[in-house]
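Positions are given from 1, in the same order as the sequence printed here. All values reported here derive from a predicted model rather than from experimental measurement. Hydrogens, waters and symmetry mates are skipped; everything else that's a heavy atom, side chains included, is used.
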Amino acid sequence: AGEAIGVDLGVKLPVCLSNGEASWPDGGLEELEKKSEKQKKLSRATKGSRRRQKARAHLAAIKRKQARRRTAKAHQITTELTRSFKYIALEDLKVKNMTASAKGTEEEPGKKVKQKAGLNRAVLNVSFYKIREQLLYKAKKSGTVVKFVDPKGISQTCNKCGHKSKA
């Protein structure tokens, strides 16, 4: 358990390790996302009505469940990492910049706003920052060293041969 590892955070595969291992995204989050897209019930209900209260409570329950699943997945990943490795190199991602809106202004409207919104949702579902924070506090407890690396070009380098390719 004295090995060093590099961690690549991504949307398709939330955590890829430099030794080739990867953790798969939580499929249950996608199902809950589909359920929460039924917000039309809430928007169509009359304000102050009992039906609206029920729809709001239902939507809130789904959102709470999503949050619990994201937190549980982050705990699972970070616990495994801190138990298995003594040195972890992690991408220093700027999540706030990554999830900025593409709306633009009235004079210069944004481009591909819906696609950007979908990407933002996917990035936030993976919860990069939560993984980072949990990794830091668990590493402190277990004596693991965590270093942050500039993320430029990391996902383009092969972990076996070192070849760099945008594909």
Gap between atom CZ of R83 and atom OG1 of T78 - 0.5 Å precision: 10.0 Å

Look only at the side chain of S18 and the backbone of G6, and say whether a donor-acceptor pair between them is shorter than 3.5 Å. yes

Could you tell me the separation between the CG atom of L135 and the NZ atom of K130, rounded to the nearest 0.5 Å? 14.5 Å

Rounded to the nearest 0.5 Å, the CG atom of L81 sits from the CD1 atom of I5 at a distance of 8.0 Å

Positive for side-chain contact (heavy atoms from CB on, under 4.5 Å) with K73, one of Q76, R69, R70: Q76

Looking only at heavy atoms, what is the nearest atom pair of A139 and T82, with distance? N-CG2, 3.8 Å

Smallest separation among heavy atoms of K147 and Y87, with atom names: CG-OH, 3.1 Å

Any donor-acceptor pair under 3.5 Å linking the side-chain atoms of E80 with those of S84? yes

Atom pair OH/OG of Y137 and S142 - distance to nearest 0.5 Å: 11.0 Å

Below 4.5 Å, heavy atoms only, C-beta onward: do L90 and R132 meet side chain to side chain? yes

Derivation and outcome, side chain to side chain contact (heavy atoms under 4.5 Å, CB included), residues R52 and K47: CA-CA 7 Å; R52 184 179 173 92; K47 286 188 179 180; 4.1 Å; yes

Side-chain donor-acceptor contact under 3.5 Å, E133 with Y129: yes

With heavy-atom distances below 4.5 Å as the criterion, would you say the side chains of F148 and I88 are in contact? no

Counting only N and O atoms by type, is there a donor-acceptor contact under 3.5 Å from the side chain of Q134 to the main-chain atoms of H75? yes

Residue pair K138 / T144, side-chain donor-acceptor N/O under 3.5 Å: no

